[in-house]
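By convention here, the first residue in the shown sequence is residue 1. The figures that follow rest on heavy atoms only: side chains count, while hydrogens, waters and symmetry mates do not.
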Amino acid sequence: MTDAELGLAIRQEADQVLFEDLHFGSRLKDAVRARLGAERTSRSSGKRRLAWLWPLAATVAATVVVGALAITLWPRVAGEIGFGYYPPGVSLAPVAQADAQPKRLSSGPPPMPFPQDFQAVADPYPVKLGQTVSLSSTAGWPGRHVWLYAAPAEDQKTIMYDRLLPRDAILIGRAAIDAEGRWAFDWTVPDRLTHGDLSMPVAEGLGDYRQTFIHLVAVTDTGYLAARGLEVGPPRTVAVQPESLAVGTAMTVSGSGYTPGTRLRLDLTHDTPDGGTDLQVNIGWATAGPDGRFTFDYTIPRQLNWPYADDKERMVDHVLTIGAPGTYSLLIVEYHPDQGPGPLLIKRLSVQTTP
């Protein structure tokens with residue numbers, strides 16, 4: 001086996017290990033033994049034997065050093081070279097037991113936020129088949145490269161609570177992490193994702209009122225994991241004029257692509273800078289006309305009030321002054337007879353900060 005072949009064997013051996021502790025298996029052992037055996041059969045004189053022992057010793061020492069370096073540096077090297085379907089440092093979810101209970105979306109307390117997060121930007125939202133979603137991170141991500149996956153909604157507990165990568169997650173791409181710990185990646189929504197025996201629908205059946213939800217998971221070559229949900233909705237559209245809003249602005253909302261006669265509820269939400277949602281106020285209703293379109297007019301007030309019951313079942317006002325820092329969104333929720341709430345569209349609003 002030549003040095004080049006030996007190097008290839010080292011890389012392949014390391015690539016096969018992935019989530020387990022790195023070790024060098026039979027291929028490398030056989031290669032070293034073969035080289036030692038070939039040298040032992042030499043009929044050279046004692047001096048000549050000593051002459052080939054030095055390069056042999058150097059070769060064996062180099063192999064040991066390379067192996068040690070591979071064990072120490074493999075996560076970084078993997079990020080640079082792009083080996084493997086998974087980053088070597090990530091924790092993979094345990095294999096599901098045959099008698100395990102089916103996975104359900106968790107109804108417990110919300111999970112703790114990820115220290116380093118990323119966002120998925122798309123307009124319109126929910127995203128649709130063939131639409132490009134721009135993924136980008138905050139600063140501070142550890143590592144040199146990030147692997148990006150899509151996973152089904154039922155993996156919520158594994159991803160958001162256990163902070164593990166599900167075994168049914170499907171790789172959608174990789175991106176480099178810059179010196180500030182930032183990365184960016186654009187992904188075009190497909191009908192379906194496949195990998196080997198795994199298959200996951202993403203945007204199938206969007207011609208009716210159905211909607212799907214998937215998780216986007218990002219994992220670095222140092223093992224850090226973060227995730228966020230992504231809604232994939234039917235081919236509806238919504239627009240808001242004017243694009244920049246302030247107190248007293250007359251806002252006109254228009255939509256199209258709805259089933260004629262569909263009743264729509266319009267809500268305003270406010271996400272705080274730390275990632276939580278502290279307000280959801282219903283601002284009115286609309287009905288799609290025969291052409292599947294609707295319009296809705298609303299004047300932005302100085303304050304929004306979200307009354308809710310406290311722990312003593314007393315109604316308590318929750319007042320938000322328009323322009324408070326955070327992300328404002330318009331939610332258009334479909335209602336279908338005898339079926340309750342259906343898909344929704346989310347439109348991010350540009351609300352001017354209060355002077």
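Salt bridge Arg265/Glu334: absent, no basic N to carboxylate O contact under 4.0 Å.
Using modelled atom types, one finds no donor on one side chain facing an acceptor on the other under 3.5 Å when comparing Thr272 with Asp278. Side chain to side chain, Thr132 and Thr188 meet the donor-acceptor criterion of an N or O pair below 3.5 Å. Counted by atom type alone, Ser134 and Asp186 present one or more donor-acceptor pairs between their side chains at under 3.5 Å. Defined by atom type and a distance below 3.5 Å, a donor-acceptor pair is missing between the side-chain atoms of Ser137 and Gln116. Thr269 and Thr277 are not linked by any side-chain donor-acceptor pair at a separation below 3.5 angstrom, with hydrogens and angles left out of the test.
The closest side-chain heavy-atom distance from Val121 to Val133 is not below 4.5 Å. Residues Asp168 and Met200 fail the side-chain proximity criterion, which asks for heavy atoms closer than 4.5 Å. In this structure, the side chains of Tyr149 and His215 stay at 4.5 Å or more apart for every pair of heavy atoms. Using a 4.5 Å heavy-atom cutoff, the side chains of Arg167 and Leu92 are in contact. Looking only at side-chain heavy atoms (C-beta outward), Phe294 and Thr262 stay at 4.5 Å or farther from each other. In this structure, Tyr85 and His195 have side chains that are in contact, with non-hydrogen atoms separated by less than 4.5 Å.
Listed by chain and number, the residues in a side-chain contact (heavy atoms from CB on, under 4.5 Å) with Pro260 amount to none (sequence neighbours excluded). Take Thr299 and apply the side-chain contact (heavy atoms from CB on, under 4.5 Å) test, not counting sequence neighbours, and it matches Ala250.
Residues Leu230 and Ala120 come closest through the heavy atom pair CD1-CB, 4.3 Å. Contact between Ala218 and Phe118 at its shortest, heavy atoms only, is CB-CE2, 3.9 Å. Scanning both residues, Tyr224 and Pro142, for their nearest heavy atoms gives CB-CG, 3.7 Å. Here the shortest heavy-atom pairing between Leu216 and Ile172 reads CD2-CD1, 4.3 Å.
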Discussion item. Please determine whether side chain to side chain contact (heavy atoms under 4.5 Å, CB included) holds for the pair Val202 and Arg192, giving the CA-CA distance in whole Å, both sets of side-chain angles, and the decisive distance to 0.1 Å.
Written reply: CA-CA 5 Å; Val202 179; Arg192 177 175 288 270; 5.8 Å; no

Item to complete: Show your reasoning for whether side chain to side chain contact (heavy atoms under 4.5 Å, CB included) applies to Thr194 and Ile170.
Response: CA-CA 7 Å; Thr194 58; Ile170 297 179; 5.6 Å; no

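A cation-pi contact, defined as under 6.0 Å to the ring centre and within 45° of the axis, is absent between Arg182 and Trp141. A cation-pi arrangement is present between Arg236 and Tyr258 under the rule of less than 6.0 angstrom and at most 45 degrees off the ring axis.
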Under 3.5 Å, which donor-acceptor pairs link side chains of residues 325-333 to any protein atom two or more places apart or in another chain?
unit_1 : atom_1 : unit_2 : atom_2 : d
Tyr328 : OH     : Gly323 : N      : 2.9
Tyr328 : OH     : Ala324 : N      : 2.9
Tyr328 : OH     : Ala324 : O      : 2.9
Ser329 : OG     : Arg348 : NH1    : 2.8

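In this structure, the side chain of Arg144 does not engage the main chain of Ala176 through any donor-acceptor pair within 3.5 Å.
Annotation: Arg163, atom CZ; neighbour count of heavy atoms from other residues, nucleotides and ligands within 6.0 Å is above 12.
Aromatic ring centres of Trp285 and Tyr335: separated by under 6.0 Å.
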